[in-house]
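All remarks here apply to the structure that follows.
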Amino acid sequence: MPVSTSRAEDAASRVEPAESGIRISDAATRAGVSARTLRYYEELGLLAPSLYTPGGERRYTDDDVAHLERILELREVLGMNLDEIKDFLSLETRLDELRATYRATKGVSTPKAKAEQKATLEEALVLNESLAEQIGTKLARMDAFRTKLANDALRCRELLDELD
């Protein structure tokens, strides 16, 4: 077995082609989470690596990492729990499917195609309204919490003014 003579050669020999994806530790680092978190998300059905090595190691693509970042965005920005995230993502996936279905029949003007387009759009409308309602509910709760904090701060300011 040949032995590399430099660190550069060692590193070059470990570089894998882009189509093989990145290791779980690298995907976790890119997203700012632990590898354990990725395994847990996989266990819950939120995230699955697109690729595996012949030895069974997980490999994540750029799309997988983008999906992970979407999960984190829903968790951190909107404060969704993991069940809410799973439901939200499944609705988004269904919307993607509906979008593709609609585009496939967009130029066709037969009565059957128009009926399919209408059904597709009606389902997409219901799903979009459902997603908007979920976010609206979260935002209303956040706004109420912010209002309470602002009122508490105002009351503290008033009490401080009374002490002067």
Going hydrophobic residue to hydrophobic residue with side-chain gaps under 4.5 angstrom, can you get from [X] over to [Y]?
{"X": "Y40", "Y": "M80", "value": "yes"}
{"X": "L38", "Y": "L44", "value": "yes"}
{"X": "F145", "Y": "I135", "value": "no"}
{"X": "L95", "Y": "Y102", "value": "no"}

Next item on the list: Tell me, yes or no, whether the heavy-atom count around Y52 atom OH, taken from other residues, nucleotides or ligands under 6.0 Å, exceeds 12.
Entry: yes
If you take all heavy atoms of [X] and [Y], which pair is closest and at what distance?
{"X": "V65", "Y": "A27", "value": "CG2-CB, 4.1 Å"}
{"X": "A31", "Y": "L68", "value": "CB-CD2, 3.3 Å"}
{"X": "S34", "Y": "A28", "value": "C-CB, 3.6 Å"}

Next item on the list: Please name the residue in the list K138, R75, Q134 that meets the side-chain contact (heavy atoms from CB on, under 4.5 Å) test with E84.
Entry: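 Testing E84 for a side-chain contact (heavy atoms from CB on, under 4.5 Å) against K138, R75, Q134 leaves exactly one candidate, K138.
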Margin query: With a 4.0 Å cut-off on N to O distance, would you call R70 and D63 a salt bridge?
Written below: no
Check: When you check the gap from the basic side-chain N to the acidic O, do R99 and D96 get nearer than 4.0 Å?
Finding: yes
Next item on the list: Kindly state each residue pair satisfying side-chain hydrogen bond (donor to acceptor under 3.5 Å, both in side chains) with at least one member in residues 143-152, sequence neighbours excluded.
Entry: D143-R146, K148-D152
Check: Can you pull the side-chain hydrogen bond (donor to acceptor under 3.5 Å, both in side chains) pairs that have at least one residue in residues 106-133, sequence neighbours excluded?
Finding: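 Every pair satisfying side-chain hydrogen bond (donor to acceptor under 3.5 Å, both in side chains) with a residue in residues 106-133: R94-E123.
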Report the distance from atom [atom1] of [X] to atom [atom2] of [Y], rounding to the nearest 0.5 Å.
{"X": "I85", "Y": "I71", "atom1": "CD1", "atom2": "CD1", "answer": "7.0 Å"}
{"X": "I24", "Y": "T29", "atom1": "CD1", "atom2": "OG1", "answer": "10.5 Å"}
{"X": "L74", "Y": "L82", "atom1": "CG", "atom2": "CG", "answer": "10.5 Å"}

Is there side-chain contact between [X] and [Y], with heavy atoms separated by less than 4.5 Å?
{"X": "L98", "Y": "L121", "value": "no"}
{"X": "I22", "Y": "R59", "value": "no"}
{"X": "H67", "Y": "Y60", "value": "no"}

Next item on the list: For side-chain contact (heavy atoms from CB on, under 4.5 Å), just list the numbers for V33 and Y41, CA-CA rounded to whole Å, side-chain angles, deciding distance to a tenth of an Å, and then say yes or no.
Entry: CA-CA 11 Å; V33 297; Y41 287 176; 5.8 Å; no
Notebook entry, point to check: For residues S90 and T93, is any side-chain donor paired with an opposing acceptor at under 3.5 Å?
Noted result: no
Next item on the list: Assess whether salt bridge (charged side-chain N to carboxylate O under 4.0 Å, His left out) is satisfied between R30 and E69, documenting all intermediate values.
Entry: CA-CA 9 Å; R30 277 178 56 182; E69 289 169 347; 5.7 Å; no
Margin query: Tell me if a side-chain donor or acceptor on D64 pairs with a main-chain N or O of P49 at a distance below 3.5 Å.
Written below: no
